[in-house]
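In what follows, a structure is listed as C-alpha cells, so that the remarks can point back to it.
Note that these values count all heavy atoms, side chains included, but never hydrogens, waters or copies made by symmetry. Counting begins at 1 with the first residue of the sequence. Order of appearance sets the numbers: ligands from 1, and atoms from 1 within every ligand.
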Amino acid sequence: MRVPLIAGNWKMNTTVREATELVKAMRPGLDQIDNVDKVVCPPFISLAVVRELIRGSSIKLGAQNIYFEEKGAYTGEVSPLMLADLCEFVIIGHSERRQYFNETGEIVNKKIQAALQAGLKPILCVGERLEENEAGRTREVVTRQLMSSLAAIDSIDGLVIAYEPVWAIGTGRAATGEQANETIGLIRHGVAELYGKEIARDLRILYGGSVTAGNAAEFVNQSEIDGALVGGASLKASEFLSIVKQTSEMGRVK
Ligand code: PGA
C-alpha cells in the first residue's frame, strides 16, 4: 500500500527565523490532514529548530543532502549519523546538486547506500534535461540514473523516488500528468526488474517540477504517482497546505 507523500524542498531559502515562521504557519493546517505523509525539508541549519517546532505533530522532517562518510575530516559536510538523529528523510541526487556540485551517479549511489544504512529514508531524484527530453531520450536517461543510483544496493526499504524532469524545475513549466505518469510507470517497471514486482508495487514515486496548488491534483490523481516533491510552492504555507489538502481529498491509497 502506498500512502501519498508530499515533500517540501525549501532549497537554499529561509533564515532560521524565517524557517521558524514558515513552519509555525504550516503546522496547524497540516496537522489536521490525514492520509498523506507531510514532509518539510528546510536547510541544514534549521533542522534542529524545525524538529522542535513539529514535535507532537504528524509533520515529518527531511534534509536536502548528505555526505556518505560517517565522520571525519570532511569540512562542511553533514553525515548520515548526524542526520539520523534529527530527521527521517533525506533528498539525494537532486538535479541542482548534479548540475552545480558535480554529483555523479557514483556519488549518488554512495549517498543512497549511506542513508539507508543509517536508517534514513532517501528521496532519490531522477530526471532528464530538456535536450534529452526533446531528443526522445527520457526513458534511457531516467533508467540509467536509476540503475547507477541503486547499483549494488540489495534492500531499498524506506526508499522514495522523485521523478523530476530538469526542464520543469523552477521554470513554471510542469510536465503534464500523463507524461509524468508514463515515466513514473517506467521507473516502477525498472524497479520491478531490479527488486521484484512486490517491492516495486509498494514503492512511492513522486512527481516534482513546478507543482503548485493549481496543478497538483493533475499529478496526484494519476495511477502511478504517489505525491509530489514541491520546491517554490512549499515556501508559502497556504499553497503547500492546499497541495497537501488536495492530495488527501483524492483519498487514494494506491
Ligand atoms: P519547483 O522545484 O517546485 O520549484 O519546480 C521542485 C524541486 O526542485 O524539487
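Distances from ligand 1 to the non-hydrogen atoms of G208 include no value under 4.0 Å. Assignment of A174 to the shell around ligand 1 is not supported, since no heavy atom sits closer than 4.0 Å.
The contact set between ligand 1 and N9, taken as ligand atoms under 4.0 Å from a residue heavy atom, comprises 9 (O). Of all atoms in ligand 1, numbered sequentially from 1 with element shown, those under 4.0 Å from a heavy atom of H94 are 7 (C), 8 (O), 9 (O). Less than 4.0 angstrom separates some heavy atom of G209 from each of these atoms of ligand 1: 5 (O). Here is the list of ligand 1 atoms found below 4.0 Å of a heavy atom in E164: 6 (C), 7 (C), 8 (O), 9 (O). For ligand 1, the atoms sitting less than 4.0 Å from at least one non-hydrogen atom of A168 are 5 (O), numbered in the order shown with element in parentheses. Of all atoms in ligand 1, listed by their number and element, those nearer than 4.0 Å to a heavy atom of G232 are 1 (P), 3 (O), 4 (O).
The cluster map of Ile, Leu, Val, Met, Phe, Trp and Tyr, joined by side-chain heavy atoms under 4.5 Å apart, puts V78 and I92 in the same cluster.
For the side chain to side chain donor-acceptor pair (under 3.5 Å) criterion with N109, the lone passing option out of K111, Q113, E106 is Q113.
Between the side chain of S210 and the backbone N or O of A168, at least one donor-acceptor pair lies under 3.5 Å. Here the side chain of D31 pairs a donor or acceptor atom with the backbone of S58 at under 3.5 angstrom.
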Would you be so kind as to tabulate the donor-acceptor pairs closer than 3.5 Å made by side chains of residues 150-166, with sequence neighbours excluded?
residue: S155; atom: OG; partner: D157; partner atom: N; Å: 3.4
residue: Y163; atom: OH; partner: E128; partner atom: OE1; Å: 2.9
residue: Y163; atom: OH; partner: E128; partner atom: OE2; Å: 3.1
residue: E164; atom: OE1; partner: H94; partner atom: NE2; Å: 3.2

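Compare G127, A228, G231, G170 by their heavy atoms: the one nearest to atom 5 (O) of ligand 1 is in G170.
A salt bridge links R55 to E52: one of the charged nitrogens lies within less than 4.0 Å of a carboxylate oxygen.
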